[in-house]
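Down below is the structure, laid out as structure tokens.
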Amino acid sequence: MMKKLFPVFLLFAIVSCSTRKVDLIVHHAVIYTVDSVFTKAQAMAVKDGKIVAVGTNEEIQKKFTAAENVDAEGKAIYPGFIDAHAHFVGYGRSLFQVDLFGCNSWDEAVQRVKAFAAQHPDLPWILGRGWDQNRWPGKAFPVNDALNQLFPDKPVVLTRVDGHASIANQKALDLAGVKAGQTITGGSIEVKNGKLTGVLVDNATGRVYAQIPEPSKETYVQWLQQAQKNCFAQGLTTITDCGLNYKDVEAIDALQKEGKLDMRLYVMLSDEPGNLEKYIKTGPYKTDRLFVKGVKVYADGALGSRGACLLHPYSDRPDWSGFLLRNQSHYDSLARVLAATDFQMCTHAIGDSANREILNIYNKYLKGKNDKRWRIEHAQVIDQNDFHLFGDASVIPSVQPTHATSDMYWAGDRLGAERLKNAYAFKQLLKENGWIPLGTDFPVEDISPFKTFLAAVVRKDAKAYPANGFQTENGLTREEMIRGMTIWAARANFMEKEIGSLEQGKKADFILLDKDLMQVAPADILNTRVNATYLAGKRVH
Ligand SMILES: [Zn+2]
């Protein structure tokens, strides 16, 4: 009797130990794990939001059983995309404002504002975003006359595509107390024939923004949920928000805890006294979905509005080189303070002069190779002699490939041929640091990671311009691109142990695509669709 029973019992024990129950099995996929050697796998098992195993179909199906099984039917799976530089809250807000992106004239912008105002008669302020005078005949900044006529009693503020300039009507200027002839550090108030034009550049924009009433909680939730929905549909599972104040951080934290917001966020705090006081002493803040460890600083403005700080004058404005937004001593003392903390300094620098200033300060406090992961956001125009400053102090160049293909139409006018060669130099920057995180800077650009992919690999825009690509010597390979939008973006946020690749123990943030980015023809990149997005093992799109 015993002789017969024993083997049966043993067999049962082996079976029950060897098939483990998990929540989800994905099989028959081409899984790009984006591990250190870019391994491909066929299947993976997920439990409690984390990956428990990755392997062949046989291995996974032999070892695990799951309540939910997804047959990927041979389609590609990548880690969820991480946008290394964006403005999540700003994007959400922009979705509920006048959309001025793509306007081909100031008249067209005014018509859109008029239509929006008619549809939203109850709004106390009319806000818009996305105009770009570089797209218009004459390429000159607009003047607010039409806005004053249409809206004598309602304040209107329209932000330029890059967020570094805006045009306000007279009502808004009056509420903010802006007058012709006033000066402002790190900004300019445009005047024509002694009269305000309504255009405010860089720090001057803050005067009017400070008057805009704060949104209600319902409105705020609406912004963030719509932003999240759009991001999940594009395969984005983590967003780096480059510059929030502590009130936003607290609101986001509360919404995530209430289950009203799922998106994973890495946050850079804006360089404002209240924020630093709140967090610097207590150290980085971390929950399952939120990580606050960066400080966002602005060295200069943007190239399009000639706010970028250059070493030599603009090629299309010989008396002007742009300006730094704060005194050099501000950046130096902030770097000294942050170097003694666990916070990461992340500085927006576009012009070659701004980049040099910040790189020198970083090098002064970082003193050679290190793991502080301080970043330069944009790193757009670099003097040939300064590239080594990234490598010397392990400074991360955080770049946005679609800026190159958006700016290429006029960047040569601003910079001239010589300087343009060292602009948007992603490959050269990658060589310096060894890895490079990629983002979009949305809502400055579209949220689409596929546009980023196209811009960096082929160096063309959505219209397939230019035919041979823009400065293709600085393009990135497909593998570098995938890494830049996943594991390198995670690393730039100190999150590479949790997200950015599909490996055992990591969060199950992944996407199923209808086309394989490693294989798809360049002309088909923008036709790639995200069939499903999973965040922590849960389908969110
Ligand atoms: Zn930005």
Side-chain angles (χ1 to χ4, degrees), residues 81-95 97 101 129-132 159-166 186-187 201-203 205-206 209 223 227 231 236 238-245 248-249 265-272 275 292-305 307-309 322 324-326 344-351 354-355 358 374-381 396-407 411 423-424 426 429 436-449 451-452 455-456 484-485 489 492-493:
F81 293 134
I82 302 168
D83 194 312
H85 182 121
H87 303 272
F88 184 70
V89 177
Y91 170 62
R93 184 191 297 118
S94 78
L95 294 172
Q97 298 180 349
F101 290 89
R129 175 139 192 185
W131 60 270
D132 180 0
T159 303
R160 194 179 180 277
V161 61
D162 59 11
H164 286 270
S166 62
V201 181
D202 284 308
N203 287 349
T205 59
Y209 292 154
W223 290 355
C231 288
L236 290 156
T238 299
I239 307 295
T240 310
D241 199 314
C242 298
L244 289 181
N245 66 44
D248 282 298
V249 175
L265 289 162
Y266 180 81
V267 172
M268 297 174 191
L269 296 162
S270 297
D271 171 23
E272 282 158 29
N275 296 331
V292 185
K293 192 176 159 73
V295 175
K296 172 71 180 296
V297 187
Y298 282 93
D300 62 350
L303 201 59
S305 42
C309 187
L324 286 182
L325 296 178
R326 308 287 290 262
Q344 175 189 46
M345 188 159 171
C346 313
T347 309
H348 163 120
I350 300 256
N355 274 284
I358 300 302
W374 282 13
R375 309 166 44 153
I376 296 236
E377 303 302 321
H378 313 305
Q380 232 166 61
V381 189
I396 304 167
S398 163
V399 302
Q400 302 74 36
T402 42
H403 281 348
T405 50
S406 291
D407 297 2
Y424 314 97
F426 308 149
L429 289 166
I436 192 166
L438 304 172
T440 57
D441 205 5
F442 69 67
V444 176
E445 300 282 351
D446 192 84
I447 64 171
S448 166
K451 287 186 181 165
T452 301
M485 300 195 296
N493 294 353

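Along the sequence shown, residues carry numbers from 1. Start at 1 and go down the list; that is how both ligands and their atoms are numbered.
Salt-bridge annotation for D132 and R160: present, with a side-chain N of the basic residue lying under 4.0 Å from a carboxylate O of the acidic one.
Closest approach of V161 to G130, counting heavy atoms only: CB-O, 3.6 Å. Across every non-hydrogen atom of Q380 and I350, the tightest pair is OE1-CG2, 3.2 Å. Nearest heavy atom pair, residue I239 against residue L236, reads CD1-CB, 4.0 Å.
No option in H85, R129, H164 other than R129 meets the side-chain contact (heavy atoms from CB on, under 4.5 Å) test with V444.
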Under the criterion side chain to side chain contact (heavy atoms under 4.5 Å, CB included), I'd like the reasoning laid out for F442 against H87: C-alpha separation, chi angles, the key distance, then a yes or no. CA-CA 6 Å; F442 69 67; H87 303 272; 5.6 Å; no
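Neighbouring protein atoms of the Zn ion (ligand 1) (N, O or S, distance under 2.8 Å, waters ignored): H85 NE2, H87 NE2, D441 OD1.
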